[in-house]
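Below: one structure, written as structure tokens.
We count ligands from 1, going down the list as the structure has it; atoms in each ligand are counted the same way.
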Amino acid sequence: MQLIAKLNQELQQLDVQGMRRRRRITESACAPHVQLNGKPMLAFCSNDYLGLAAHPRIVEALREGALRYGVGSGASHLISGHFQTHAVLEERLAEFIAPHLESARALYFCTGYMANLAVISALADKDSEIFSESLNHASLIDGARLSRAAVKVYPHSDTDALAKLLAASTASTKIVVTDSVFSMDGNIAPLPALLALCEQYGAWLVVDDAHGFGVLGAQGRGALEHFALRSPHLVYMGTLGKAAGVGGAFVAAHATVIEWLVQRARPYIYTTAAAPALAHALLTSLDIIAGAEGMARRAHLRTLIAQLRTTLQLQRWRHLPSDTAIQPLIIGSNDDAMDAASSLYEQGIWVPAIRPPTVAVGTARLRITLSASHTTEDIEQLIHALAVLDAEEVLEEVEA
Ligand SMILES: *Cc1c(COP(=O)(O)O)cnc(C)c1O
């Protein structure tokens with residue numbers, strides 16, 4: 001049992017560093033007001049930015065999909081698991097994103113993690129060079145590793161540094177990879193400048209819009225709409241388990257790129273297709289995102305973001321500048337971040353503390369996320385609880 005002893009030792013090490021993570025068990029649907037360990041809580045944790053995760057029309061569509069297609073797909077897409085509803089969803093996603101891509105086609109994946117692995121490992125090989133933003137999501141980093149390409153990491157949002165790296169590159173395939181909205185900071189990548197560099201140096205720009213799809217842009221088309229971008233150099237990845245409220249992800253790009261993924265991307269080929277009922281439910285989710293209700297939900301979310309940003313006044317903690325639904329408060333040490341989260345928890349408010357290795361050492365934070373299903377009263381309650389906590393902390397500091 002030497003192996004178990006070794007793991008136990010490393011787990012203890014995590015405890016010492018305040019890095020052991022625990023899962024909380026939610027007993028009700030994903031919503032602002034949830035039941036947690038038998039206790040009602042006001043939650044600011046999920047990425048359900050439009051409040052669609054428990055939307056009655058989407059729930060009904062899922063039921064309808066299950067009645068029509070059953071529960072499982074039975075096989076991978078290339079064997080027999082590709083259903084009519086998957087095909088329709090891909091057509092609808094391609095149409096939705098088409099204003100921003102040339103010859104757009106879309107491919108539906110089980111998860112965003114797999115979509116990122118697929119795109120990067122299929123487009124890059126050992127003779128390629130990948131230029132990766134320093135705050136990129138783990139799935140993009142893992143995709144780059146899987147590809148065996150040379151990887152150059154450029155500093156956060158530093159387009160001058162990227163320009164130098166691109167100018168120096170002799171690789172035949174160059175791929176710039178970035179999150180659109182940074183998941184732990186909430187700020188938006190300088191996509192217009194990144195795209196201009198890609199066009200100048202003949203590189204691809206892979207955009208991971210996990211936190212933008214459905215939320216950014218007047219129609220909810222995401223970061224490309226937000227910046228009014230359109231280019232054949234773009235490869236777009238949007239997830240469908242965050243603002244879209246269901247699950248899975250899609251890649252949209254030039255039809256040839258998508259055909260290449262179908263032929264060569266191992267995370268696409270060697271896995272059982274997602275349940276067709278999920279694709280069916282996503283059709284309703286897309287209708288809502290693209291329609292008047294989606295627009296109203298995005299407008300309400302923007303109101304809540306403005307409310308939090310203009311009202312919250314803190315002495316000790318740094319409220320990062322972010323215009324998106326991700327509103328982090330930098331606390332510093334792991335223990336202080338955990339203490340802040342548990343004090344809020346005692347007040348019936350659930351905000352996750354995010355620690356290394358997800359964020360840099362010394363920047364542990366409360367990651368507040370807002371949803372269109374929150375009310376202005378919910379935000380008031382959060383602001384009040386944070387103000388009380390901040391004042392207590394300041395007092396303790398003065399006394400100490
Ligand atoms: C959530 C997330 C993913 C992964 O998407 P899943 O569908 O949850 O697997 C990829 N990239 C970013 C930036 C994310 O936040």
Side-chain angles (χ1 to χ4, degrees), residues 21 23 30 44-50 52-53 86 89-90 93 106-121 130 132-147 153 156-157 175-191 194 205-216 222-224 226 234-252 261 265-268 271-275 278-279 281-282 285-286 289 320 322 324-328 352 354 357-359 365 367-371:
R21 299 163 81 157
R23 300 169 299 168
C30 173
F44 295 91
C45 312
S46 83
N47 304 310
D48 179 24
Y49 301 123
L50 295 182
L52 300 185
H86 292 128
L89 176 64
E90 289 179 344
L93 288 165
L107 191 64
Y108 176 54
F109 285 81
C110 295
T111 72
Y113 186 94
M114 294 165 78
N116 279 341
L117 290 188
V119 166
I120 299 178
S121 65
I130 293 171
S132 183
E133 148 78 50
S134 64
L135 294 190
N136 271 348
H137 189 263
S139 55
L140 296 170
I141 296 168
D142 293 354
R145 287 181 184 153
L146 196 59
S147 75
V153 177
H156 181 52
S157 292
I175 307 175
V176 175
V177 180
T178 187
D179 283 17
S180 59
V181 177
F182 294 96
S183 49
M184 298 302 141
D185 291 54
N187 61 324
I188 305 180
L191 294 179
L194 296 177
L205 180 60
V206 175
V207 176
D208 174 343
D209 203 22
H211 302 278
F213 181 76
V215 196
L216 294 180
L224 303 183
H226 176 78
L234 283 164
V235 176
Y236 179 85
M237 198 289 291
T239 62
L240 301 168
K242 288 173 178 155
V246 182
F250 71 102
V251 175
L261 296 183
R266 295 162 67 91
Y268 183 76
T271 194
T272 301
L278 288 178
L282 278 163
S285 171
L286 259 190
I289 288 173
L320 288 185
S322 156
T324 66
I326 302 166
Q327 294 288 326
I354 308 286
T358 309
V359 294
R365 63 197 67 186
R367 179 180 184 262
I368 297 164
T369 48
L370 305 184
S371 163

- Nearest-option assignment for atom 3 (C) of ligand 1, heavy atoms, candidates Met114, Met237, His137: His137
- Message: Pairs of nitrogen or oxygen atoms closer than 3.5 Å, one from His211 and one from ligand 1: do any exist?
- Response: yes
- N/O separation below 3.5 Å, Gly112 to ligand 1: yes
What part of [X], side chain from CB on, backbone N/CA/C/O, both or neither, has a heavy atom under 4.0 Å from ligand 1?
{"X": "Asn116", "result": "side chain"}
{"X": "Thr111", "result": "both"}
{"X": "Ala249", "result": "neither"}

- Could you please spell out the steps behind the side chain to side chain contact (heavy atoms under 4.5 Å, CB included) verdict for Asn187 and Val181? CA-CA 6 Å; Asn187 61 324; Val181 177; over 6 Å; no
Considering non-hydrogen atoms of the protein only, which is the closest contact for [atom], and what is the distance?
{"atom": "atom 2 (C) of ligand 1", "value": "Lys242 NZ, 2.4 Å"}
{"atom": "atom 11 (N) of ligand 1", "value": "Asp208 OD2, 2.5 Å"}
{"atom": "atom 9 (O) of ligand 1", "value": "Tyr113 N, 2.9 Å"}

- Query: Taking atom types as modelled, is there a side-chain donor on Asp185 or His156 under 3.5 Å from an acceptor on the other?
  - Reply: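 Judged by distance alone, the side chains do not pair up.
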- Quick one: do His211 and Asn47 satisfy side chain to side chain contact (heavy atoms under 4.5 Å, CB included)? Show the steps, please. CA-CA 8 Å; His211 302 278; Asn47 304 310; 3.9 Å; yes
- Query: How are the rings of Phe250 and Tyr236 set relative to one another: parallel (under 30°), tilted (30 to 60°) or perpendicular (over 60°)?
  - Reply: tilted
